[in-house]
2 protein chains.
Amino acid sequence: MDTRIHLTSDTTCHHDFKTNCNNCRLNTLCLPLALESKDIDALDAIVQRSKPIQKNEYLFHEGDPFNAIYAVRSGSVKAFSTTDDGREQVTGFYFPGELLGMDGISRNIHASTAKALETSAVCEIPFESLGELSARIPNLQRHFFQLMSREITEDQQLITLLSKNSADERIAALLLSISSRNARRQLSANRFRLPMSRVDIGNYLGLTIETVSRVIGRLQKKSVLQVDNKEVEILNFEALTEIAHTKVSHREAS
Amino acid sequence: MDTRIHLTSDTTCHHDFKTNCNNCRLNTLCLPLALESKDIDALDAIVQRSKPIQKNEYLFHEGDPFNAIYAVRSGSVKAFSTTDDGREQVTGFYFPGELLGMDGISRNIHASTAKALETSAVCEIPFESLGELSARIPNLQRHFFQLMSREITEDQQLITLLSKNSADERIAALLLSISSRNARRQLSANRFRLPMSRVDIGNYLGLTIETVSRVIGRLQKKSVLQVDNKEVEILNFEALTEIAHTKVSHREAS
DNA sequence: CTTGCTGTTTGACCCAAGTCAAAGCAATGA
DNA sequence: TCATTGCTTTGACTTGGGTCAAACAGCAAG
């Protein structure tokens with residue numbers, strides 16, 4: 001049998017209520033989506049919940065053996081990989097209800113490092129067990145395929161953003177992405193706190209911090225945003241959307 | 001006009017011998033990898049082979065209902081998506097033994113368009129059947145998870161390339177990628193024909209055709225490459241590798 | 001052969017974003 | 001209280017690669 005230390009719901013006693021996938025507020029976003037209650041119980045049985053991890057703590061490192069994928073329960077996490085020459089590339093920010101670590105499946109080794117941007121709680125989903133369960137629950141298999149596929153399409157959107165869009169467009173697109181992910185969790189789409197630093201934003205979007213800062217300044221001057229350090233308020237949603245989609249007259253391709 | 005072609009197993013009679021996954025030269029690269037012979041037969045039973053598709057014909061279009069993924073058997077294919085404002089972003093080039101179309105799983109609609117760069121043959125793998133088969137053959141499920149994960153890691157490498165590297169580095173990296181994929185298929189790593197146009201290269205790498213042309217010119221002047229239109233010879237592999245990894249003194253991040 | 005079409009190369013110029021430098025502004029803590 | 005440390009902002013300057021334009025090369029059709 002499985003020799004991993006088993007975290008029973010007992011270890012979650014620190015919390016006010018017994019956490020499980022069935023009563024998790026995020027189960028309409030996360031892996032349990034579209035599962036029947038009994039299937040959620042089966043999934044729940046393999047999911048391990050840990051006590052919160054602190055800001056700047058790591059969930060896993062690039063090169064670590066891959067055993068599990070992770071779902072963010074609260075807080076936020078950034079994933080990044082390190083290039084040959086030691087530079088980092090932030091490949092994603094993950095919010096509650098979102099899954100990370102799927103890039104480790106291909107070589108059975110984590111391809112990126114995951115670091116908490118703030119105090120966060122995560123669910124660990126052992127991949128071996130998830131595979132077995134998927135083989136028995138077609139809906140789970142399909143849904144997991146879909147989540148991996150979504151990661152692919154999101155990466156491809158980022159590729160397009162980096163390849164074709166100006167600094168202003170990139171920043172606008174990131175803010176809109178965060179906004180819509182907030183909305184998905186019933187939080188304000190117009191007012192939120194950025195959990196990541198300017199450095200992280202710049203790194204993610206392929207820009208320097210100076211450019212990030214200047215763009216944000218520019219958007220404030222245009223009354224599109226109101227930014228106080230990490231607190232963001234979108235004053236003009238329309239305008240921001242407009243900026244994100246502005247076509248810079250590139251020549252047509254292929 | 002819709003140039004899509006209809007794939008039925010009947011159409012494979014045109015070939016000299018019965019093609020199947022078991023005797024396919026690519027079965028050590030493709031989906032059958034690591035399957036036992038009888039499992040390969042099961043996979044083979046769901047795979048549909050078509051007669052070759054011509055240059056510039058489409059395999060599927062962005063927005064089409066998603067039913068199958070595709071494996072390139074010969075030739076080459078490019079995938080691209082179209083942005084709101086009508087510009088294209090090439091998201092990948094696919095060579096024999098490589099799978100494409102996995103970005104369609106998430107929304108059950110193809111997220112990109114696939115177009116043959118030259119006369120090519122592909123295998124169509126109905127996704128529904130692949131899911132069922134995966135549930136019965138653990139190795140197949142695992143391998144397919146791995147192939148999707150590889151797509152993710154490769155997209156993330158492209159993200160890093162676009163976000164952090166100069167034009168020279170991007171071109172060098174692409175050439176090395178094509179070279180190593182050729183080697184994987186027992187073809188020359190030093191001499192090959194680029195199936196895609198300069199426009200496609202530029203589009204993929206986030207550069208204009210002029211820049212692509214200039215960089216290639218520069219690499220020829222340095223005797224790293226010998227290029228005649230689409231024919232490429234790598235004269236100095238070391239140097240090319242060096243160029244691909246050159247650290248442009250960016251400031252450190254995060 | 002010429003004409004037209006499509007893709008590639010080359011040159012001259014320009015600008016968005018990178019670089020360098022310095023100042024501002026929290027938060028922490030002795 | 002005032003250093004200390006780590007962001008973030010702002011300004012002045014530079015540059016890689018984009019833009020525009022023109023020439024060139026390959027190839028198919030007439």
Side-chain angles (χ1 to χ4, degrees), chain A residues 54-56 78 87-88 90 115 117-118 161-172 174 193-221 225-232 243 246-254, chain B residues 54-56 78 87-88 90 115 117-118 161-172 174 193-221 225-232 243 246-254:
Chain A
Q54 298 302 310
K55 176 169 174 165
N56 291 332
K78 74 165 172 176
R87 282 175 293 156
E88 287 178 3
V90 174
K115 191 174 184 178
L117 289 169
E118 58 195 310
L161 199 66
L162 292 174
S163 164
K164 300 268 183 303
N165 295 99
S166 69
D168 293 56
E169 291 162 351
R170 294 182 205 184
I171 300 276
L174 175 61
R193 192 185 136 78
L194 296 174
M196 71 293 284
S197 69
R198 299 285 190 270
V199 174
D200 288 331
I201 293 177
N203 190 325
Y204 179 67
L205 295 175
L207 301 170
T208 58
I209 48 174
E210 292 94 327
T211 299
V212 172
S213 186
R214 277 187 257 265
V215 169
I216 291 177
R218 220 176 290 158
L219 292 176
Q220 285 192 92
K221 209 171 323 172
L225 297 180
Q226 172 66 50
V227 181
D228 177 37
N229 201 353
K230 309 209 153 176
E231 293 296 333
V232 176
I243 289 165
T246 300
K247 67 179 84 177
V248 270
S249 74
H250 265 286
R251 291 199 211 167
E252 248 347 280
S254 94
Chain B
Q54 298 302 311
K55 176 168 173 166
N56 290 332
K78 75 165 172 177
R87 283 175 292 156
E88 287 180 2
V90 174
K115 191 174 184 178
L117 290 169
E118 58 194 311
L161 199 66
L162 292 174
S163 165
K164 299 270 184 302
N165 295 98
S166 69
D168 294 55
E169 291 162 351
R170 293 182 205 185
I171 300 277
L174 175 61
R193 191 186 138 78
L194 296 173
M196 72 292 283
S197 70
R198 300 285 190 271
V199 174
D200 288 332
I201 294 177
N203 190 324
Y204 179 67
L205 295 176
L207 302 170
T208 59
I209 49 175
E210 293 94 327
T211 300
V212 172
S213 185
R214 277 186 257 266
V215 169
I216 290 178
R218 219 175 290 158
L219 293 177
Q220 286 192 91
K221 210 172 322 177
L225 297 180
Q226 172 67 49
V227 180
D228 177 37
N229 203 350
K230 308 210 153 174
E231 293 297 331
V232 175
I243 289 165
T246 301
K247 67 178 84 176
V248 272
S249 75
H250 266 288
R251 292 198 211 168
E252 249 345 280
S254 105

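Numbers restart at 1 for each chain; the letters A, B, ... are given by sequence-line order, proteins then strands. Everything quoted here is computed from the prediction, not taken from an experiment.
Asp200(A) places its CG atom 14 Å from the C1' atom of dT8(D), with the value rounded to the nearest Å. In this structure, CD of Glu231(B) is placed 15 Å from C1' of dG26(D), rounded to the nearest angstrom. Following rounding to the nearest Å, Lys164(A) (NZ) and dG17(D) (P) show an atom-to-atom distance of 15 Å. As a whole-Å value, the separation of Ile171(A) CD1 from dT8(D) P is 12 Å. Across the protein-nucleic acid pair, Leu207(B) atom CG and dA17(C) atom P stand 15 Å apart, rounded to whole Å. To the nearest angstrom, C1' of dT8(D) lies 16 Å from CG of Leu225(A). Rounded to an integer number of Å, the gap from CG of Leu162(A) to C1' of dG18(D) is 17 Å. Computed from coordinates, the Asn56(A) CG to dG6(D) C1' distance equals 12 Å when rounded to whole Å.
Judged by distance alone, with hydrogens and angles left aside, the side-chain atoms of Glu169(A) form a donor-acceptor pair with the main-chain N or O of Ser166(A) at under 3.5 Å.
Not a single salt bridge (Lys or Arg N to Asp or Glu O under 4.0 Å) links Arg193(A) to another residue, sequence neighbours left out. A search for side chain to side chain donor-acceptor pair (under 3.5 Å) contacts involving Glu118(B) returns Ser76(B), not counting sequence neighbours. Every residue two or more places apart in sequence or in another chain that forms a side chain to side chain donor-acceptor pair (under 3.5 Å) with Gln54(B) is listed here: Thr119(B). Not counting sequence neighbours, Ser213(B) has no partner by the side chain to side chain donor-acceptor pair (under 3.5 Å) test. Arg198(B) meets the side chain to side chain contact (heavy atoms under 4.5 Å, CB included) test with Leu194(B), Ile209(B), Val212(B), Ile216(B), Val227(B); sequence neighbours excluded.
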Polar-atom pairs under 3.5 Å, protein N or O versus N or O of nucleotides 7-11 of chain C: list them with distances, or write none.
from: dT8(C); atom 1: OP1; to: Arg198(B); atom 2: N; distance (Å): 3.4
from: dT8(C); atom 1: OP2; to: Arg198(B); atom 2: N; distance (Å): 3.3
from: dT9(C); atom 1: OP1; to: Arg198(B); atom 2: NH2; distance (Å): 3.4
from: dT9(C); atom 1: OP2; to: Arg198(B); atom 2: NE; distance (Å): 3.0
from: dT9(C); atom 1: OP2; to: Ser213(B); atom 2: OG; distance (Å): 3.0
from: dT9(C); atom 1: O5'; to: Ser213(B); atom 2: OG; distance (Å): 3.1
from: dG11(C); atom 1: N7; to: Arg214(B); atom 2: NH1; distance (Å): 3.0

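Here Gly202(B) lies out of heavy-atom contact (under 4.0 Å) with every strand.
With DNA chain C read from its 5' end, the first of the two nearest nucleotides for Asp228(A) and Val215(A) is the one closest to Val215(A).
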